[in-house]
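See below for the structure under consideration.
Only this structure's heavy atoms are used, side chains among them; waters, hydrogens and symmetry mates stay out. In what follows, every chain begins at residue 1, and chains take the letters A, B, ... in the order their sequences are listed.
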Amino acid sequence: MIEAGKPATKLKSEAAQVLFERGLINQCTDIEALDEALASGPVTAYAGFDATGASLHVGHLMPLMTLRWLQKLGHRPIVVLGGGTSQVGDPSFRNDARPLLDGSQIAANIAGIRRSVERLVDMRGPDGALLVDNAEWLTEFRFLEFLRDYGSQFTVNRMLTFDSVKSRIEAQQPLTVLEFCYMMLQAVDFLELARRHDCTLQIGGSDQWGNIVNGIELGRRCDARRLFGLTVPLLTTASGTKMGKTADGAVWLHPEHLSSFGFWQFWRNTADADVPRFLRLFTEMPISEVIRLSELQGAELNEAKKILATQVTAIVHGPDAARAALEQGDALFSGSDEIAEPTHRMERHRLAEGLGLLELIVGVGFAASNGEARRLVEAGGVRLNGQVVDDPRRRISSGDLGAEDRLSLAVGKRRKALVEFG
RNA sequence: GGAGGAGUGCCCGAGUGGCUAAAGGGGACGGACUGUAAAUCCGUUGGCUAUGCCUACGUUGGUUCGAAUCCAACCUCCUCCA
């Protein structure tokens with residue numbers, strides 16, 4: 001087993017080298033043997049995603065990037081959607097049980113997750129990546145059969161030693177049998193994929209180590225198979241917090257939960273110290289280019305951040321969305337409040353009715369209530385046609401309209417609108 | 001089944017009859033500085049037809065001139081005992 005950060009002993013396979021230099025390897029059960037396997041022919045690798053949310057988020061990006069690289073280098077990815085395991089809930093490193101999901105929620109979540117996955121790995125063609133749902137086999141088992149076939153291969157003694165459940169037990173928090181069996185289910189997944197698709201490598205987050213190891217063991221005991229496990233690093237920011245939060249919560253991959261521009265902004269706002277690492281992990285630029293960009297200093301790093309944002313957005317949302325986001329970003333921060341195209345439309349007669357500034361701010365969605373809008377105005381954060389307005393009672397009249405009956409409204413540095421009255 | 005403890009604003013958490021739209025912290029937002037970074041500093045952080053009104057401290061009722069604060073019942077969670 002290797003730990004992250006240790007220098008790569010001469011790796012033979014391109015795949016292992018790439019994953020290593022990208023920083024995608026945290027731990028591996030047997031890097032030499034895996035390297036050997038990757039060098040001698042195509043390897044089938046899988047990563048699983050439970051349907052705990054309606055969309056994947058940036059935390060899921062690392063295993064997906066790993067699969068993407070493997071695919072690019074001639075190996076074959078399988079993405080497992082946890083339609084079965086989601087009915088149980090992974091207890092790993094959690095001090096309380098997950099709320100149980102019902103079937104319709106799981107189905108809806110899987111549909112959302114699938115769309116992001118399809119962008120990241122190529123499912124097309126006979127050699128394309130495979131997308132499978134573990135409900136396919138997990139729901140088929142009968143209880144006694146399952147216990148006899150697999151329950152006999154696990155000892156509670158060993159299961160209790162895993163860090164992933166230790167804290168729960170030490171904290172004397174209840175760990176139900178249902179949750180406790182999760183690791184068996186994931187182990188069976190691996191075995192099943194090995195049998196069905198000759199899958200020999202499982203990739204997961206570092207919290208999945210225990211679950212992965214169980215699968216490897218099961219493969220050895222049942223079928224004398226040689227399986228491998230690889231974990232990707234936990235994604236944290238330079239400031240030490242678990243990464244992936246914005247004002248509205250997690251940084252979702254699905255455009256319905258976070259717009260492609262919002263996604264782009266997230267990466268554009270990366271802290272300086274995170275830029276080199278993120279370029280490696282989340283873009284596919286040659287390492288030489290990554291290094292060049294990483295060496296930029298001071299304000300020049302902003303260029304690197306834009307490239308980072310655009311590259312990641314292109315991977316997750318497509319090149320067109322990435323380009324549009326870049327343009328939108330440039331326009332937004334060009335210094336003026338001018339935007340080329342109207343973002344909102346309002347009925348012209350509202351001017352005659354005495355449209356208030358606060359109403360306008362709420363109308364374009366920059367504040368949730370008049371009170372909030374009022375505070376923004378009083379704090380001097382609101383600009384009308386480029387001029388700061390600090391009177392909350394200000395009314396909008398036709399005199400405020402410029403060419404084509406438009407006016408610009410901006411709140412803070414990053415929220416700008418062009419309203420057209422027609 | 002028995003005994004005790006807890007449920008407060010986006011989150012954590014103080015508050016045990018009026019001065020409480022509720023300390024403090026976090027987060028978020030706005031401002032200054034700047035590079036859309038980090039650090040720092042300042043301000044704001046329930047709603048409204050706004051010198052007033054309404055809604056809010058698990059739920060429902062009650063005591064009181066007046067309750068987040070007292071009482072009762074209920075719901076949820078936790079701890080200990082059986």
Side-chain angles (χ1 to χ4, degrees), chain A residues 94-100 168-176 236-251 258-279 293-310 312-313 325-339 350 353-359 361-384 386-395 409-417:
Chain A
R94 290 179 61 96
N95 272 328
D96 49 5
R98 293 174 185 278
L100 285 179
R168 175 86 71 91
I169 290 170
E170 276 164 14
Q172 303 200 322
Q173 295 295 311
L175 175 66
T176 61
T236 53
T237 63
S239 47
T241 56
K242 199 165 163 189
M243 172 175 158
K245 293 280 182 179
T246 64
D248 306 314
V251 181
L258 179 67
S259 70
S260 50
F261 179 65
F263 186 81
W264 187 90
Q265 270 292 311
F266 167 77
W267 294 100
R268 172 60 187 80
N269 285 324
T270 298
D272 287 10
D274 287 325
V275 171
R277 198 162 48 106
F278 288 1
L279 283 170
L293 290 171
S294 300
E295 281 166 355
L296 295 175
Q297 292 298 316
E300 288 194 323
L301 253 185
N302 284 332
E303 275 316 302
K305 290 181 190 180
K306 276 192 203 177
I307 292 169
L308 169 68
T310 308
V312 188
T313 306
L326 174 64
E327 281 168 21
Q328 201 179 338
D330 281 340
L332 209 51
F333 291 97
S334 60
S336 87
D337 290 344
E338 280 168 39
I339 302 180
R350 296 193 60 179
E353 289 162 3
L355 178 67
L357 175 61
L358 302 185
E359 221 178 317
I361 294 169
V362 174
V364 301
F366 290 166
S369 66
N370 282 357
E372 189 183 333
R374 170 184 303 273
R375 278 177 236 124
L376 287 169
V377 173
E378 286 171 348
V382 175
R383 292 181 305 281
L384 188 63
Q387 298 292 313
V388 174
V389 204
D390 57 7
D391 176 11
R393 278 170 307 185
R394 176 77 148 76
R395 304 222 154 252
L409 177 75
V411 170
K413 291 179 192 127
R414 49 188 76 173
R415 287 179 286 177
K416 301 180 186 182

(message) Assess the residue pair A:L358 and A:V377 against the criterion (side chain to side chain contact (heavy atoms under 4.5 Å, CB included)); give the C-alpha distance rounded to whole Å, side-chain angles, the decisive distance to 0.1 Å, and a yes or no.
(response) CA-CA 8 Å; A:L358 302 185; A:V377 173; 3.8 Å; yes
Kindly say whether [Y] contributes a backbone atom to a donor-acceptor pair with the side chain of [X] at under 3.5 angstrom?
X      : Y      : answer
A:R350 : A:L355 : no
A:K416 : A:L332 : yes
A:R383 : A:G412 : yes
A:D274 : A:T270 : no

Applying a 4.0 Å non-hydrogen cut-off, can you work out what [X] is touching in the nucleic acid: base, sugar-phosphate, or nothing?
X      : value
A:G412 : sugar-phosphate
A:R268 : base
A:E378 : nothing

How close or far is atom [atom2] of [N] from atom [atom1] of [X], stated in whole angstroms?
X      : N     : atom1 : atom2 : result
A:F333 : B:G35 : CZ    : P     : 14 Å
A:R415 : B:G31 : CZ    : C1'   : 13 Å
A:N269 : B:A39 : CG    : P     : 13 Å
A:L293 : B:G35 : CG    : P     : 20 Å
A:L308 : B:A37 : CG    : P     : 15 Å
A:F366 : B:A28 : CZ    : C1'   : 17 Å
A:E372 : B:C10 : CD    : P     : 13 Å
A:R383 : B:G30 : CZ    : P     : 10 Å

[N] pairs with which nucleotide, Watson-Crick or G-U wobble, both distances below 3.5 Å?
N     : value
B:C29 : B:G43
B:G1  : B:C81
B:G9  : none
B:G35 : none
B:A50 : none
B:C65 : B:G18
B:A73 : B:U59

Nearest-Å distance once atom [atom1] is located in both [N] and [M]:
N     : M     : atom1 : value
B:C11 : B:A28 : C1'   : 11 Å
B:A6  : B:G13 : C1'   : 13 Å
B:U63 : B:C12 : C1'   : 33 Å
B:G31 : B:U76 : C1'   : 43 Å
B:G27 : B:C10 : C1'   : 8 Å
B:C75 : B:U60 : C1'   : 10 Å
B:G46 : B:A21 : P     : 13 Å
B:G26 : B:C78 : P     : 30 Å

(message) Is it the case that atom CD in A:Q387 sees more than 12 heavy atoms from other parts of the structure closer than 6.0 Å?
(response) no
(message) For the CG atom of A:L376 and the CG atom of A:D390, what is their distance to the nearest 0.5 Å?
(response) 13.0 Å
(request) To the nearest 0.5 angstrom, please state how far the CZ atom of A:R268 sits from the CD1 atom of A:I307. (result) 11.0 Å
(request) Let me know, please, whether A:A368 or A:L301 comes out on the 5' side of the other along RNA chain B by nearest nucleotide. (result) A:L301
(message) Between A:K413 and A:A379, which residue's closest nucleotide on RNA chain B lies nearer the 5′ terminus?
(response) A:A379
Are there any protein N/O atoms within less than 3.5 Å of an N/O atom in nucleotides 50-53 of chain B, and if so, which ones and at what distance?
none

(request) Report the nucleotide, chosen from B:G35, B:A38, B:G30, that has the shortest atom-to-atom distance to any side-chain atom of A:N302. (result) B:G35
(message) Starting the side chain at C-beta, find the nucleotide from B:G46, B:A37, B:U36 nearest to A:D272.
(response) B:A37
(message) When you compare the side chains of A:W267 and A:T313, does any donor N or O come within less than 3.5 Å of an acceptor on the partner?
(response) no
(request) Dump the intermediate steps for side chain to side chain contact (heavy atoms under 4.5 Å, CB included) on A:D330 and A:K306, then the final yes or no. (result) CA-CA 9 Å; A:D330 281 340; A:K306 276 192 203 177; 2.8 Å; yes
(message) Please confirm whether the shortest side-chain N or O distance from A:S369 to OP1 or OP2 of B:G47 is below 4.0 Å.
(response) yes
(message) Looking at B:G47, I'd like to know if its phosphate oxygens (OP1 or OP2) sit under 4.0 Å from a side-chain N or O belonging to A:R375.
(response) yes
